[in-house]
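Down below is the structure, laid out as structure tokens.
Order of appearance sets the numbers: ligands from 1, and atoms from 1 within every ligand. Computed from heavy atoms alone, side chains included, the values below leave out hydrogens, waters and symmetry copies.
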Amino acid sequence: MTQSSNQANNTRFACVGCGACCRGRFVPLTLSETLAWLRRGHSVAVLLEAFDDSAWPYGAPEFGYHKLRSASVQCGAGALQVIAIFAGNVIPQCPNLGADDLCSIYSERPLVCRIYPMEINPFIPLSPLSKDCPPESWDQGNLLGSDRELTNQILQSRQADRDDGQRKVEICEALGLTVAAWKGNGFTIYMPKVETMLAAIESLGEQDSTEPSWRIKAEDVELQEALEHRSFALEKADSADFIFHQL
Ligand code: SF4
Ligand code: SF4
């Protein structure tokens with residue numbers, strides 16, 4: 001049993017419909033949800049992170065979890081894993097949020113909207129203090145850990161992560177989005193145009209399959225040295241193509 005599910009077993013929660021989770025964030029999407037989001041004309045951010053077995057040893061549960069949701073790529077003279085997160089841009093607020101603070105696509109809302117405030121990553125414990133839900137939503141309602149529908153949605157989301165990992169990275173390569181941050185150090189965040197990203201997804205597999213060389217963006221000097229020591233290529237120039245968000 002994970003830390004997350006242990007915590008959830010003891011936590012009561014009932015959504016009060018405040019809409020706070022529909023504002024000021026990125027909403028991670030499966031690939032099919034990404035298509036639906038883009039076809040509604042709304043923008044999707046691409047967040048990229050990379051790692052190898054120096055983050056966790058091979059065989060460690062965390063390594064296995066993240067490897068299954070990533071794709072192997074070439075970076076300089078080394079090989080690493082890249083995770084591409086496609087996320088609906090709900091900054092300052094979700095384009096699907098009505099003036100009444102209700103979701104206008106409620107029956108079709110993304111999995112992550114159904115799962116919040118639970119964590120999808122089994123290695124992140126549920127922490128009510130880190131969530132946007134107001135105090136009155138906690139300590140009432142059902143125990144989160146015994147909600148079977150919620151558990152199934154979390155499993156479905158993890159499965160989609162595994163199913164989509166390779167294709168999401170291929171879409172990034174088709175779009176030329178090939179600079180990732182180092183896992184745990186930050187994310188690179190790209191904001192492709194809606195129509196450009198939609199076309200890349202819809203034509204996936206039709207392009208020539210060249211294998212681009214990825215680069216890592218890191219501003220921490222010690223991390224840069226460690227990555228260069230492992231023969232990875234670094235992105236050293238400033239670029240307007242992406243934002244580097246350091247954690
Ligand atoms: S899709 Fe609906 S539930 Fe999800 S963030 Fe937007 S308004 Fe909120
Ligand atoms: S922030 Fe929490 S309580 Fe408010 S709408 Fe989202 S899930 Fe419900």
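Using modelled atom types and a 3.5 Å distance limit, the side chains of D163 and Q159 yield a donor-acceptor pair. Between the side chains of Q166 and E170, at least one donor N or O sits under 3.5 Å from an acceptor N or O.
Protein N, O or S atom count below 2.8 Å of atom 6 (Fe) of ligand 2: the structure gives 1.
Going from atom CG of L144 over to atom CH2 of W138 covers 6.5 Å, rounded to the nearest 0.5 Å. One distance of note links CD of E33 with CD1 of I105; it measures 9.0 Å at 0.5 Å rounding.
For atom 4 (Fe) of ligand 1, the nearest protein heavy atom (residue, atom name, distance) is C113 SG, 2.4 Å. The protein atom (non-hydrogen) at minimum distance from atom 6 (Fe) of ligand 1 is C94 SG, 2.3 Å. The closest protein non-hydrogen atom to atom 2 (Fe) of ligand 1 is C103 SG, 2.4 Å.
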Could you go through the side-chain contact (heavy atoms from CB on, under 4.5 Å) check for Y116 and D132 one step at a time? CA-CA 10 Å; Y116 194 89; D132 288 334; 3.7 Å; yes

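Two residues are said to be in side-chain contact when any heavy atoms from C-beta on lie closer than 4.5 Å; Q156 and L111 meet this criterion.
Between F123 and H66, the ring-plane angle classifies as tilted under the 30° and 60° cut-offs.
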Identify every side-chain donor-acceptor pair in residues 171-184 under 3.5 Å, counting partners at least two apart or on other chains, and give the distances.
| residue | atom | partner | partner atom | Å |
| --- | --- | --- | --- | --- |
| E173 | OE2 | W214 | NE1 | 2.9 |
| K183 | NZ | E49 | OE1 | 3.2 |
| K183 | NZ | E49 | OE2 | 2.9 |

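Atoms of ligand 1 found under 4.0 Å from any heavy atom of P110, numbered from 1 in the order shown, are 1 (S).
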